[in-house]
Every structure is written in structure tokens, then in C-alpha cells.
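We use all heavy atoms of the structure for the numbers below, so side chains are in, but hydrogens, waters and symmetry mates are not. All figures in this text were calculated on a predicted structure; none of them were measured in a lab.
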Amino acid sequence: TLDLDAIGDAVAGMASQIHPGLLAEAGVRPAEPAGRPARVLFICSGNSARSPMAEGWLNHLGGGRVTARSAGISPGSLHPLAVAAMAEQGVDISGHRPTHLSELAVDSFTCVITLCDRAREKCGGFPGQAAAVHWSIPNPAQAHPPDLDAFRVTTRELQTRIRYLLPVLAGT
């Protein structure tokens, strides 16, 4: 006979070594981090679409276990299609205020994630950061023409990445 518990334990052990997010996707919750919640900063060029969307997703999916902020190199106004795409998913980012990176320079973050190549090039070391990560996410506002579908694609991409980021943050 098959020892299903032993097989399940072996598969879970292998999955956790590949990526802790695989366990979360299978419904196995990783251990909660000791101490204070992880703090994540998302940075993109304008802080008008990608980074506020990422901030919204992480705060929404993190359920209080993490704190997300976002900033831009040259902040612009919040893009209305970013608000609309996130609202379709039940995440309200309408109150987001675009923030210049310098406003958060004295804060401490567990992880800093740049979302575009320009942000990665402009950001040197960030004080107090434990990890620097780069996700090259296309700017939906630069789609030709920019439309809600482009923002929906970005929303789905960010949601997937953040679902896999949460178990990693739980281990910090």
C-alpha cells in the first residue's frame, strides 16, 4: 500500500526547497514570522500605476502581516485605469498619494522591490534594507493605446508575484 502521509510530506519538503510559495498555493501556510511585520517598498518611475498597484495587492493579500509602501523617481498623478483595474479585483487604491522616493529615504524596509529598469538604475543602496529585488514590469500606461486591458494584465502579473512573495516574507 501507499503511505500517502509520507508521500505528502516528501512532496511538501521538495516544494518548500524549490520555493515556499508552492506550499502556500497548495494551501499549506508557512510559519508566521517572529517579531514585527515585514515592510516592503515598491519603486517605479512615476508611482502612478505599477507601484501603487503592487502596494495595494501586498497590503490586501498580506492581511496585516506585512506593510507595503510605494514611491517613484519622478512621481506623477495616480492613473485612473490603475484604480479601475484594481477595483475590479476588490482592491481600492483610489486614496493613494504619489510619493517621491526621497520622502521614504529615512524609513527602514525588509525588502525594496524596483518595478522598472529606470527605478533600478536610479536607486542605489537603500538604508536599512535587507533585500533588494527587481521585477521588470511593463508600464501599462505606455501601451498603445493605454486601455483597461493593459492595466488588467499588470494587475494579474503583480497579484501572482505577490502571492509568491508572501511566503518568502514570512520566512524573514
Smallest heavy-atom separation, Ile93 atom then Pro52 atom, equals CG2-O, 3.8 Å
From CA spacing to verdict: side-chain contact (heavy atoms from CB on, under 4.5 Å), Ser51, Leu115: CA-CA 7 Å; Ser51 56; Leu115 299 174; 3.9 Å; yes
Rounding to 0.5 Å, atoms OG (Ser74) and NZ (Lys122) come to a distance of 7.5 Å
Side chains of Asp92 and His60: donor-acceptor distance under 3.5 Å anywhere? no
Step by step, would you call Leu61 with Gln159 a side-chain contact (heavy atoms from CB on, under 4.5 Å)? CA-CA 9 Å; Leu61 296 173; Gln159 180 192 37; 4.2 Å; yes
Got a second to check how far Met86's CE is from Phe151's CZ, nearest 0.5 Å? 12.0 Å
Transitive ILVMFWY side-chain link Trp57 to Val153, under 4.5 Å: no
So which heavy atom on Leu78 is nearest to which on Pro98, and how close? N-CG, 3.8 Å
Taking only residues two or more places apart in sequence, or in another chain, which ones meet Thr154 in a side-chain hydrogen bond (donor to acceptor under 3.5 Å, both in side chains)? none
Within the 4.5 Å heavy-atom criterion, are Val91 and Thr155 side-chain neighbours or not? no
Close side-chain approach of Val133 to Val112, heavy-atom, < 4.5 Å: no
For Ser94 versus Val83, what's the shortest heavy-atom pair and its separation? CB-CG1, 3.9 Å
Starting at CZ of Arg152, measure out to CG of Asp147 and round the result to the nearest 0.5 Å. 8.5 Å
Can you confirm whether the side chains of Asn47 and His96 place a donor and an acceptor under 3.5 Å from each other? yes
Indicate the atoms forming the closest heavy-atom contact of Leu148 with Ala84, along with that distance. CD1-CB, 3.9 Å
CE (Met53) and CD (Gln89) are apart, to the nearest 0.5 Å, by 9.0 Å
Run the numbers on Leu158 and Phe42 for side-chain contact (heavy atoms from CB on, under 4.5 Å), then give the verdict. CA-CA 11 Å; Leu158 288 169; Phe42 293 100; 5.9 Å; no
Pair Arg50, Ser45 - check side-chain contact (heavy atoms from CB on, under 4.5 Å), show working. CA-CA 9 Å; Arg50 292 166 291 187; Ser45 53; 3.3 Å; yes
Say you draw a straight line from CG of Leu169 to OG1 of Thr67; how long is it, rounded to the nearest 0.5 Å? 10.5 Å
Taking atom types as modelled, is there a side-chain donor on Thr114 or His134 under 3.5 Å from an acceptor on the other? yes
Using side-chain heavy atoms (C-beta onward) and a distance below 4.5 Å, is Cys111 in contact with Val40? yes
Does any non-hydrogen side-chain atom of His100 lie less than 4.5 Å from one of Pro75? yes
Separation of Leu41 CG from Leu101 CG (nearest 0.5 Å): 6.5 Å
So, are Arg69 and Glu103 salt-bridged, with charged N and O less than 4.0 Å apart? no
Check whether any side-chain heavy atom of Arg118 sits under 4.5 Å from a side-chain heavy atom of Ile73, and report yes or no. yes
Report yes if the side chains of Ile43 and Ser70 come closer than 4.5 Å at any heavy-atom pair, otherwise no. no
